[in-house]
Amino acid sequence: MFIALAGLIIGAVGRYALPWRRTHGAALMPVVGGVAAMVLWVALTWAGLKWDGGVIWWIALIGTGVVVAVVDLLVGRLRTRSDAALLDSVTRHGLPA
């Protein structure tokens with residue numbers, strides 16, 4: 001449960017620290033952080049790392065930060081490109097019926 005909370009916090013910090021926050025909703029990055037942290041934690045425990053070891057925490061938390069940053073950059077770029085294409089289409093052809 002602590003790793004999920006840590007992932008949510010990392011995602012919330014990423015939401016406001018990363019540049020593309022205007023292109024997605026307020027809950028997306030915290031949810032991505034929580035899910036990434038839990039998935040990494042399970043994968044690392046399956047790989048044999050001990051729960052009380054420091055290595056699993058560092059890998060899970062740093063990995064969560066990387067996942068949040070990558071998702072923010074990808075969603076931001078895709079959303080900006082998609083919005084520009086939609087604006088161009090609406091400007092040229094009007095709204096679809």
Side-chain angles (χ1 to χ4, degrees):
M1 217 163 68
F2 290 117
I3 196 68
L5 179 60
L8 290 169
I9 292 169
I10 290 171
V13 168
R15 157 106 174 108
Y16 295 104
L18 295 170
W20 295 100
R21 69 178 159 267
R22 62 180 168 75
T23 61
H24 50 73
L28 181 63
M29 288 304 116
V31 169
V32 167
V35 169
M38 289 185 289
V39 168
L40 282 169
W41 186 268
V42 169
L44 291 170
T45 57
W46 285 351
L49 294 175
K50 300 289 183 194
W51 293 1
D52 59 350
V55 175
I56 192 171
W57 284 96
W58 284 108
I59 293 172
L61 296 176
I62 291 170
T64 299
V66 169
V67 169
V68 166
V70 168
V71 169
D72 181 70
L73 293 173
L74 287 175
V75 168
R77 288 181 183 163
L78 290 172
R79 178 70 187 265
T80 302
R81 190 177 309 138
S82 151
D83 287 352
L86 179 62
L87 177 63
D88 182 53
S89 173
V90 168
T91 304
R92 290 177 190 231
H93 308 293
L95 291 172

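Note that the structure is predicted; figures quoted are calculated from it, not measured.
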Gap separating the [atom1] atom of [X] from the [atom2] atom of [Y], nearest 0.5 angstrom:
X   : Y   : atom1 : atom2 : answer
I3  : I10 : CD1   : CD1   : 7.0 Å
L74 : R79 : CG    : CZ    : 15.0 Å
D88 : D83 : CG    : CG    : 12.5 Å

Look at the side chain of T80 and the backbone N and O of R77, then say whether any donor-acceptor pair between them is shorter than 3.5 Å.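 Not a single qualifying donor-acceptor pair exists.
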
Do [X] and [Y] belong together in a cluster built from hydrophobic side chains that touch within less than 4.5 Å?
X   : Y   : result
V42 : W51 : no
Y16 : V32 : no
L8  : V35 : no
L18 : L28 : yes
W58 : L49 : no

Non-hydrogen side-chain atoms of M29 and V71 separated by less than 4.5 Å: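 Touching, per the 4.5 Å side-chain cut-off.
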
Any I59 side-chain heavy atom under 4.5 Å of L40 side chain: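 No, every pair of side-chain atoms sits at 4.5 Å or beyond.
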
Can you check ring-ring contact (aromatic ring centres under 6.0 Å, His included) on W46 and W41, steps first, answer last? CA-CA 9 Å; W46 285 351; W41 186 268; over 10 Å; no

At their closest point, which heavy atom of [X] faces which heavy atom of [Y], and how far apart are they?
X   : Y   : result
A36 : V67 : CB-CG1, 3.7 Å
L73 : P19 : CD2-CG, 4.4 Å
A6  : L61 : CB-CD2, 3.6 Å

Can you list the steps and then say if D72 with H24 is a side chain to side chain contact (heavy atoms under 4.5 Å, CB included)? CA-CA 8 Å; D72 181 70; H24 50 73; 2.7 Å; yes

